[in-house]
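A quick write-up on the structure given underneath.
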Amino acid sequence: MNMDWLNTASQRELDQFKSVCNQLLSRTYIVRTIYKPDKGRINNPDYTFLSIHYEDVQQYLSLLDWDLRKDDLNGYFYVLNTDEANRCNLDKKETAILLAIRMIYDENQEHLGLEQDAVCTVRDLLEKVVTDYAVLPAKPNMEEVKRALTRLENHSIIQRIDGKFNQGTCRFAILPTVLSVVSNEKLNSIVSVLRKEDHDEEAEEDSAG
């Protein structure tokens, strides 16, 4: 690794370097724009920093078995573990919520602005989960919803705008990172599995009754 930049960087640049690396390792993604309550969507200074120092950060993370990648079109950086370790495993309801978020993003893609975020409410999401997309037979309780959405926000898949995740009126932005989390192929296959599981469970309940 070429350490020249680190040796000449200012303390502020070194602090941001450490911050960016820690964010990538803990949250997987760094996006081009972020939401600030008093300013709306703004350019993310960490994204700008990564754009300038991409190769330096990439080389450093490679020493830790992480591969830094970027999606210039959709505006985010992300890391993959080269040993396929540190995967985030979701339960069935969390997976269903993630899939619904992905499908909502697809529905809104042609209307997205430069920020490429789709804004949604928790109430709208739950309607999609049960009624429009039917990936779950019944609505999860609000604590389960809060837990799932908090987990997705912690990994920069969504970002809360206002309200709380256990409130139907809560608004959040679906970030373009969802496209790399759930590919089109993965989306179709997982939805089929979830629907089949629900159908089998209903059949078992009917036979038991």
message = Please evaluate residues Tyr29 and Ser180 with respect to the criterion side-chain hydrogen bond (donor to acceptor under 3.5 Å, both in side chains), reporting the C-alpha separation (whole Å), side-chain torsions for both, the decisive distance (0.1 Å), and the verdict.
response = CA-CA 10 Å; Tyr29 298 94; Ser180 72; 2.7 Å; yes
request  = Write down the atom of Leu24, the atom of Leu61, and the distance for their closest heavy-atom approach.
outcome  = CD1-CD1, 3.9 Å
inquiry  = Which heavy atom of Arg69 sits nearest to which heavy atom of Tyr54, and what is that distance?
reply    = CA-OH, 3.6 Å
ask   = Which pairs with one or both residues in residues 150-161 pass salt bridge (Lys or Arg N to Asp or Glu O under 4.0 Å), sequence neighbours excluded?
value = Glu94-Arg151
request  = Tell me, please, which residues at least two apart from Tyr47 pass ring-ring contact (aromatic ring centres under 6.0 Å, His included).
outcome  = Phe77
message = What I'd like to find out is whether the side chain of His53 reaches to under 4.5 Å of the side chain of Phe17, using heavy atoms alone.
response = no
query = Rounded to the nearest 0.5 Å, what separation is found between the CD1 atom of Ile101 and the CG atom of Asp106?
reply = 12.5 Å
message = Apply side-chain contact (heavy atoms from CB on, under 4.5 Å) to residues Val122 and Lys146 and explain how you reach the verdict.
response = CA-CA 9 Å; Val122 169; Lys146 178 183 177 181; over 6 Å; no
ask   = Got a sec, which residues hit salt bridge (Lys or Arg N to Asp or Glu O under 4.0 Å) with Lys128, two or more places apart in sequence or on another chain?
value = Glu107, Asp132
task = Only counting residues at least two apart or in another chain, list the ones meeting side chain to side chain donor-acceptor pair (under 3.5 Å) with Asp91.
result = none
ask   = Can you list the residues that meet the salt bridge (Lys or Arg N to Asp or Glu O under 4.0 Å) rule with Arg123, with sequence neighbours excluded?
value = none
inquiry  = When you compare the side chain of Ile158 with that of Phe165, does any pair of heavy atoms fall below 4.5 Å?
reply    = yes
ask   = Got a second to check how far Leu149's CG is from Leu98's CG, nearest 0.5 Å?
value = 10.5 Å
key: Nearest non-hydrogen partners of Leu175 and Ser156, listed with the distance   = CD1-O, 3.4 Å
query = Taking C-beta and beyond as the side chain, do Val145 and Asn166 meet within less than 4.5 Å on heavy atoms?
reply = no
ask   = Are any non-hydrogen side-chain atoms of Thr177 and Tyr78 less than 4.5 angstrom apart?
value = no
task = Only counting residues at least two apart or in another chain, list the ones meeting side-chain contact (heavy atoms from CB on, under 4.5 Å) with Asn43.
result = Thr33
Contacts of Asn154 that satisfy side chain to side chain donor-acceptor pair (under 3.5 Å) - sequence neighbours left out = none
ask   = Hey, are the side chains of Gln58 and Asp67 touching, using non-hydrogen atoms and a 4.5 Å cut-off?
value = yes
ask   = Residues two or more places apart in sequence or in another chain: which of them pass side chain to side chain donor-acceptor pair (under 3.5 Å) with Asn44?
value = none
note = By side-chain contact (heavy atoms from CB on, under 4.5 Å), Asp162 pairs with (sequence neighbours left out) Arg171
ask   = Can you tell me how far SG of Cys120 sits from CG of Leu125, rounded to the nearest 0.5 angstrom?
value = 5.5 Å
Any donor-acceptor pair under 3.5 Å from Ser62 side chain to Gln59 backbone = yes
message = Run the side-chain contact (heavy atoms from CB on, under 4.5 Å) test on Val178 and Leu152 for me, step by step, so that the C-alpha distance in whole Å, both residues' side-chain angles and the decisive distance to 0.1 Å come before the verdict.
response = CA-CA 10 Å; Val178 73; Leu152 295 179; over 6 Å; no
query = Are Arg102 and Val181 side-chain neighbours, meaning at least one heavy-atom pair lies under 4.5 Å?
reply = no
message = Please evaluate residues Leu6 and Asp56 with respect to the criterion side-chain contact (heavy atoms from CB on, under 4.5 Å), reporting the C-alpha separation (whole Å), side-chain torsions for both, the decisive distance (0.1 Å), and the verdict.
response = CA-CA 8 Å; Leu6 287 177; Asp56 298 305; over 6 Å; no
message = Between Gln159 and Ala173 (side chain of the first, backbone of the second, donor and acceptor by atom type, cut-off under 3.5 Å), is there such a pair?
response = no
inquiry  = Could you report the tightest heavy-atom contact between Ile42 and Lys39, atom names first, then the distance?
reply    = CG2-CB, 3.8 Å
message = Using the rule given for side-chain contact (heavy atoms from CB on, under 4.5 Å), can you reason through Arg147 versus Ile97, listing the C-alpha separation, both sets of side-chain angles and the distance that settles it, and then say yes or no?
response = CA-CA 11 Å; Arg147 183 168 59 249; Ile97 287 172; over 6 Å; no
message = If I take atom CG from residue Leu50 and atom CD1 from residue Ile30, how far apart are they, to the nearest 0.5 angstrom?
response = 4.5 Å
ask   = Should Thr121 and Thr169 count as side-chain neighbours, where that means a heavy-atom distance under 4.5 Å?
value = no
task = Report the residues that fulfil side-chain contact (heavy atoms from CB on, under 4.5 Å) with Thr131, sequence neighbours left out, ordered by chain and then residue number.
result = Glu127
ask   = Between Val129 and Ala96, which heavy-atom pair has the shortest distance, and what is it?
value = CG2-O, 4.4 Å
query = What heavy-atom pair brings Gly163 and Cys170 nearest, and what distance separates the two atoms?
reply = C-SG, 3.9 Å
query = Looking at side-chain heavy atoms only, is the closest gap between Val57 and Cys21 below 4.5 Å?
reply = yes
note = So the salt bridge (Lys or Arg N to Asp or Glu O under 4.0 Å) pairs with at least one residue in residues 43-54 (sequence neighbours excluded) are none
Exam field: side chain Thr82 to backbone Asp65, donor-acceptor pair closer than 3.5 Å = yes
note = Sorted by chain and number, sequence neighbours left out, ring-ring contact (aromatic ring centres under 6.0 Å, His included) with Phe172 holds for none
